[in-house]
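Order of listing sets the numbers, starting from 1, for every ligand and every atom in it.
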Amino acid sequence: MPVLDLGDLVDPTKYHEPIEISSEDPEFLRQQLRKMLCIRLAEQQLAQARKEGLIGGPVHLGVGQEAIAVGVSACLRSSDRVFGAHRSHSHVLALGSELHALFAEVLGKDTGLSRGMGGSMHLWDAPRGFYGSVPIVAGTVPLAVGAGLAAKLQGVDDVGVSYLGDGAVEEGVVQESLNLARVLGAPVLFVVENNFFSSHMHIGLRQPSNATARFAQAHDIPFAIVDGNDVVAVYKAARQLVEHARAGKGPGFLEAVTYRWLGHVDWREDIDVGVNRSIEELQNWRARDPVGRLAAALEQAGEWSPARHTKVVEELGDEIKLAWDRAMTDPWPKPEALLDRVYACDRGRQ
Ligand SMILES: Cc1ncc(C[n+]2csc(CCOP(=O)(O)OP(=O)(O)O)c2C)c(N)n1
Ligand SMILES: [Mg+2]
């Protein structure tokens, strides 16, 4: 059998055209566009603030990858159990977390998602279905399997969701998680955001194939490979796999091919340090913009306009400014919170 491969999805000169939207309701698509724009602008705010030295810890930004979290979240409900990792701002915002609570967390403030105890890489918003992100690569993957299995044992049709990167797939625990999920029939969706890089190393130097879905194939888990910069493609594929899991048929695996416009961490583009990462490649990926391609498709269908786009960007800009300014003036956690919350975050929020 030939080794699975991503085909022309890896060619950054392709897929620049407007996405195919005829199957979806325009109002739904406008909501998806607004969400992607909100995530983009929020992360650009974080990039700028980090550059200005206003944020103490590192921030891993996913600018350019917004369609994945937005498309997947459109298939989820707040009783599902979602887990992320070091690059998870989009995951929480797509589930509906407040901008202010995210910003406050990144700043280490008492009002943050993890009450200022975690920063950018330790997010938590269980009321909206987000059970946590941690910087240990692949650390939350088995937790998502456990959470999905718990739903099954509880007799509810909620699902676990594990966002992970192409680098994370190389951790042994991911193979164990895939195997366990399949053998126990755990309702869990593995979502690989394949942006080709693990820190600065390209997948071509790490793996014999660029397709991580071959691990799903090896574990007999149904999978889909999609253009991760096409929110409709992500949504449709995720919906099918989530429905499969909710119906008690076991796990699914979605490989979404994408690219991060910024470097591994913080605001720089890292075109000078990345192996195989050139300015030409970056420019081509910028042209495969998930936001621009949906906006263009809606415009072609007469459902969007440049004036409307500008208005939404302005509205979101105001929302972001308000949330940021509030987070900046919020209080720090009190020192005793260290003993109270770090090992009992749930209790702290009750
Ligand atoms: C167990 C572990 N090993 C190494 C690291 C250092 N590290 C942080 S992020 C990262 C790359 C992860 O790549 P990927 O999973 O593809 O996610 P991406 O950064 O591309 O979103 C590495 C190696 C870590 N945090 N944890
Ligand atoms: Mg990666």
- Query: Do Leu178 and Ile221 come within less than 4.5 Å of each other through their side chains, counting heavy atoms only?
  - Reply: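 In contact.
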Hey, is [X] close enough to [Y] for a salt bridge, meaning N to O under 4.0 Å?
X: Arg246; Y: Glu243; result: no
X: Lys14; Y: Asp227; result: no
X: Arg128; Y: Asp125; result: yes

Shortest protein contact, [atom] (heavy atom only):
atom: atom 1 (C) of ligand 1; value: Glu171 OE2, 3.7 Å
atom: atom 9 (S) of ligand 1; value: His264 CE1, 3.3 Å
atom: atom 25 (N) of ligand 1; value: Pro135 O, 2.9 Å
atom: atom 4 (C) of ligand 1; value: Val137 CG2, 4.4 Å
atom: atom 15 (O) of ligand 1; value: Ala168 N, 2.9 Å

- Message: Using the Mg ion (ligand 2) as the vertex, how large is the angle between OD1 of Asn195 and O of Phe197, rounded to 10 degrees?
- Response: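 Centred on the Mg ion (ligand 2), the OD1/O angle is 90° (to 10°).
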- Message: With nothing but distance in play, are any N or O atoms of Asp166 less than 3.5 Å from an N or O of ligand 1?
- Response: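 Asp166 vs ligand 1: N/O contact under 3.5 Å present.
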- Is the Phe28-Tyr235 ring centre distance short of 6.0 angstrom?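 Here the rings of Tyr235 and Phe28 have centres that are less than 6.0 Å from each other.
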- Message: I'd like to know whether ligand 1 has Glu170 as a neighbour, heavy-atom separation below 4.0 Å.
- Response: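 No, Glu170 has no heavy atom closer than 4.0 Å to ligand 1.
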- Ignoring hydrogens, tell whether any protein atom lies closer than 4.0 Å to atom 22 (C) of ligand 1; use the non-hydrogen atoms only.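 There is a protein heavy atom less than 4.0 Å from atom 22 (C) of ligand 1.
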- Query: Is Asn195 touching ligand 1 with its side chain, its backbone, both, or neither, if touching means heavy atoms under 4.0 Å apart?
  - Reply: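 Side chain only; the backbone of Asn195 stays clear of ligand 1.
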- Query: Is ligand 1 under 4.0 Å from a heavy atom in the side chain of His60, in the backbone, in both, or in neither?
  - Reply: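 Neither part.
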- Query: Under 3.5 Å, is there a donor-acceptor pair between the Asp270 and His200 side chains?
  - Reply: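 Asp270 vs His200: donor-acceptor pair found between side chains.
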- Task: Please answer whether the main-chain N or O of Ile39 pairs with a side-chain N or O of Glu66 as donor and acceptor at a distance below 3.5 Å.
- Result: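 Between the backbone of Ile39 and the side chain of Glu66 there is no qualifying donor-acceptor contact (under 3.5 Å).
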- Of the N, O or S atoms in Asp166, the one nearest the Mg ion (ligand 2):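 Output for this pair reads OD1.
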- Message: Within 45 degrees of the ring normal and closer than 6.0 Å to the centroid, is that where the cationic atom of Arg288 sits relative to Trp285?
- Response: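 Cation-pi check for Arg288 and Trp285: passes.
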- Among Ala85, Gly167, Pro58, which residue places a heavy atom closest to atom 16 (O) of ligand 1?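 The residue whose heavy atom sits nearest atom 16 (O) of ligand 1 is Gly167.
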